[in-house]
Each structure stands twice: as structure tokens, then as C-alpha cells.
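Scroll down for the structure; my scribbles are underneath it.
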Amino acid sequence: MSMSIRSQRKQTRALSQVAELARISPLVVARRTARMTQTGEAATNQREARLMVQEKVSASMESMASMTMAVLRIQTQFAALLMRPWFAAGGVATSDGRSLTTLMQASAADLSTSAVSPFLRKAKANAKRLAR
């Protein structure tokens, strides 16, 4: 069974976000470490360390909230799907004709994107800030 174009795009986006985060994160860590070792100022280093922790907590909370909303959307879609007649020709399908498998693949991609997006956004912002 082939995936719909929409599901393929969602999976591609999710995978590209994970790959981009994996590429950017080590650069941010290296730049922060270099900056902290070059500046001997304890106050600057403490501020940067505090900022790192605050960003991680903030991104984690945003990620959890985003994943919760995605799970609620997914549950709503599956509940609506399960209310459709099981004996319909072609098996279980959504109102727009997507199969259960396609819906599950799209849901997994949505959940992944919801989880990674806040971390990627913070990492990109840090990379830009630390590049100056």
C-alpha cells in the first residue's frame, strides 16, 4: 500500500527537522563552549549557562504542549474513523479516503514534528546569535 503525497511530505518534513537539529546542535554546543572558555568573565559564563538551562526547559515545555495537542488531534481523527462503519467496502478509511495505515503514518510524522520543532527553533536562534 503506497503512502499519500501528504503523508510522504509530512514524513519528509519530520525527518529533515530531526536531521537539521542533529546538524545544528553540535555547532551550537561548540560555539557556546568556545565562547565560555575564551571569556574569563564568570558573570558572562554564568549568564550563558543559565540561558542554556532556561532554553532547554522552555523548549521542553513547548514540545510537550505541542505533542499533547497533536495527540488530541490524532485521537479525534481515530475516534471519528472508528465511528465509521467497519463493513464499508475497502475496509476502514477516513472521510477523505485515506487508509488507517496512511493515517497512522501521518500521525507519527505530526507527533515527531510537534516534538522537534521547538528544539529546532531554539537551536537555529542560538546558532544565529552565537555566529555574531
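Residue numbers count from 1 along this sequence.
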| After noting the C-alpha distance and the side-chain angles of Phe119 and Ser25, does the key distance pass the side-chain contact (heavy atoms from CB on, under 4.5 Å) rule? | CA-CA 9 Å; Phe119 290 101; Ser25 293; over 6 Å; no

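- Here Ser117 contributes atom OG and Lys122 contributes atom NZ; the two are 12.5 Å apart, rounded to the nearest 0.5 Å.
- Contact record, Met104 with Phe78: CG-CZ, 3.4 Å, taken as the closest heavy-atom pair.
- Looking at every heavy atom in both residues, Ser63 comes nearest to Ala115 through OG-O, 2.8 Å.
- A donor-acceptor distance shorter than 3.5 angstrom exists from the side chain of Thr76 to the backbone of Leu72, with no hydrogens or angles considered.
- Within the 4.5 Å cutoff, side-chain heavy atoms of Glu20 are placed close to those of Lys124.
- Note that OG1 of Thr12 is 11.5 Å distant from CD of Gln17, once rounded to the nearest 0.5 Å.
- Salt bridge annotation for Arg129-Glu48: present, with a cationic side-chain nitrogen under 4.0 angstrom from a carboxylate oxygen.
- Between the CD1 atom of Ile74 and the OG atom of Ser114 there is a distance of 7.5 Å, given to the nearest 0.5 Å.
- Contact record, Ala131 with Arg31: CB-NH1, 3.8 Å, taken as the closest heavy-atom pair.
- A distance of 12.0 Å separates CE of Met67 from OG1 of Thr113, quoted to the nearest 0.5 Å.
- When all heavy atoms are compared, the tightest approach of Leu21 to Pro26 is O-CD, 4.4 Å.
- Partners of Thr68 by side-chain hydrogen bond (donor to acceptor under 3.5 Å, both in side chains), not counting sequence neighbours: none found.
- Ion pairing between a basic and an acidic side chain is recognised when a charged N comes within 4.0 Å of a carboxylate O; Arg32 and Glu55 show such pairing.
- Heavy-atom minimum distance, Ser112 versus Val18: OG-CG2, 4.3 Å.
- When the options Arg13, Arg9, Lys10 are evaluated for a salt bridge (charged side-chain N to carboxylate O under 4.0 Å, His left out) with Asp110, the one that passes is Lys10.
- Two residues are said to be in side-chain contact when any heavy atoms from C-beta on lie closer than 4.5 Å; Ser107 and Gln77 meet this criterion.
- Few gaps surround CE on Met52; more than 12 heavy atoms of other groups in view lie less than 6.0 Å from it.
- Atom OG in Ser66 sits 9.0 Å away from atom CE in Met69 (nearest 0.5 Å).
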